[in-house]
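To start, the structure itself, in structure tokens.
Side chains included, hydrogens not; waters and symmetry mates left out as well; all remaining heavy atoms used. Start at 1 with the first residue, then count along the sequence.
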Amino acid sequence: MTESMRFALGSIVVGLIVLATKYAAYLYTGSIAFYSDALESIINVASAMAAAGALHLARKPADHNHPYGHTKVEYFAAVLEGVLIVLAAVTILRQAYFSLIEGPEIEFTLLGFVLNGAASIVNCVWAVALMRVGRKHRSPALVADGKHLMTDVYTSVGVIVGVGAAYVTGWMILDPLLAIVVAINILWSGWHLVRESIGGLMDEAAPEEEQELLRALISQHGDGAIEAHDLRTRHSGHVTFVDFHLVVPADMSVRDAHEICDRIEEGIGQKLPGARVTIHVEPENHAKHSGIVVL
């Protein structure tokens with residue numbers, strides 16, 4: 001089992017523990033804000049399950065029907081997570097509305113606050129670990145899960161402070177109003193997750209800093225070639241697809257040109273593990289004099 005899969009499965013366990021703890025905090029207090037915080041944890045569990053399933057499918061080798069592999073399935077998991085977040089926000093808004101109409105009722109107990117705070121600490125530690133492992137293995141599903149959990153942490157801190165303020169001031173209306181703020185924050189988080197995932201599904205180019213690294217690597221390892229142009233990149237889960245045209249002297253043998261390509265591919269692979277490079281070799285009369293100059 002890979003490290004990414006271990007963390008994905010661990011997220012399910014952590015999510016269930018946090019959900020039970022936060023729901024207990026809601027039962028002890030009756031706070032709609034605590035309820036909204038607990039409801040988001042249900043989404044965390046569902047998202048963790050989707051991420052684990054996506055990681056399992058994404059690691060399947062390429063086959064006849066999927067010659068480029070299954071890596072894009074991770075983006076679908078992240079989109080699903082965004083949709084679930086939106087549904088959670090709508091449910092919270094509904095509950096807050098009825099609380100405003102009927103009048104909020106809160107029973108302030110120290111145990112409720114302690115339980116919610118402990119759950120938030122667990123979420124914070126796990127979110128940092130998820131984002132670290134996700135970036136290490138270039139997994140959009142794990143990074144999205146970590147970002148969502150960190151948003152949950154910020155939400156929980158705000159909820160604890162807000163419910164405490166309602167207790168100190170006696171303004172019970174702060175509880176449903178705070179739940180509405182939480183719902184809006186959750187909606188914003190869901191929009192960003194969906195936006196980033198759609199970018200991956202639409203084959204957005206790799207970040208500019210990664211493209212700069214690729215240009216430098218091609219120039220550094222392309223000794224014997226003249227230039228490279230028409231560099232194109234795209235991400236698909238943890239894999240970066242790279243293709244470009246490499247211009248070589250017209251009298252260069254196929255063997256020598258192939259050795260240059262192998263050297264470039266090896267150099268890119270050392271800096272970007274898992275990169276899949278496709279190089280189209282062209283004679284020097286196809287040079288555009290506007291691409292990557294080989295050192």
How far apart are the closest heavy atoms of [X] and [Y], and which atoms are they?
X	Y	value
G112	A25	O-CB, 3.3 Å
V247	P283	CG1-O, 3.5 Å
S31	V163	OG-CG2, 3.6 Å
A225	I260	N-CD1, 3.8 Å
V281	C261	CG2-SG, 3.7 Å
M252	G224	CE-O, 3.4 Å

State whether a side-chain donor-acceptor pair under 3.5 Å links [X] with [Y].
X	Y	value
E210	T240	yes
D256	S253	yes
S156	K22	yes
E282	H229	yes

Is it possible for you to say whether [X] and [Y] belong to one hydrophobic cluster, with membership spreading through side-chain heavy-atom contacts below 4.5 Å?
X	Y	result
V277	L213	yes
V157	L110	no
F244	I226	no
M5	L130	yes
L93	V181	no

In Å, rounded to the nearest 0.5 Å, how long is the span from [atom1] of [X] to [atom2] of [Y]?
X	Y	atom1	atom2	value
I218	I268	CD1	CD1	5.0 Å
D262	H221	CG	NE2	13.0 Å
L149	S11	CG	OG	6.0 Å
N116	L111	CG	CG	11.0 Å

Does H280, at its NE2 atom, have more than 12 non-hydrogen atoms belonging to other residues, nucleotides or ligands within less than 6.0 Å? yes
Under 3.5 Å: donor-acceptor pair, side chain of T169, backbone of A165: yes
Check ion pair R276-E265 (N to O, under 4.0 angstrom):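 Looking at R276 and E265, the cut-off is not met.
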Pair I264, L246 - check side-chain contact (heavy atoms from CB on, under 4.5 Å), show working. CA-CA 10 Å; I264 293 174; L246 183 71; 4.0 Å; yes
Between M131 and K147, does the side-chain contact (heavy atoms from CB on, under 4.5 Å) criterion hold? Intermediate values first, please. CA-CA 7 Å; M131 288 188 285; K147 287 182 177 180; 3.9 Å; yes
With heavy-atom distances below 4.5 Å as the criterion, would you say the side chains of [X] and [Y] are in contact?
X	Y	result
K288	E227	yes
L217	Q220	yes
I279	D243	no
T233	L214	yes
S41	V45	no
V128	M150	yes
E284	V248	no
D223	R263	yes

Apply side-chain contact (heavy atoms from CB on, under 4.5 Å) to residues V14 and V18 and explain how you reach the verdict. CA-CA 6 Å; V14 172; V18 169; 4.2 Å; yes
Is the F7 ring parallel, tilted or perpendicular to the W126 ring (thresholds 30°, 60°)?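 Judged by the thresholds at 30° and 60°, the geometry between F7 and W126 is parallel.
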Are the aromatic rings of Y28 and Y23 close, with centres under 6.0 Å apart?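 Between Y23 and Y28, which both carry aromatic rings, the centre distance is not below 6.0 Å.
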Go through the steps to decide whether R215 and L231 satisfy the test side-chain contact (heavy atoms from CB on, under 4.5 Å), and finish with yes or no. CA-CA 8 Å; R215 294 186 186 99; L231 173 66; 3.9 Å; yes
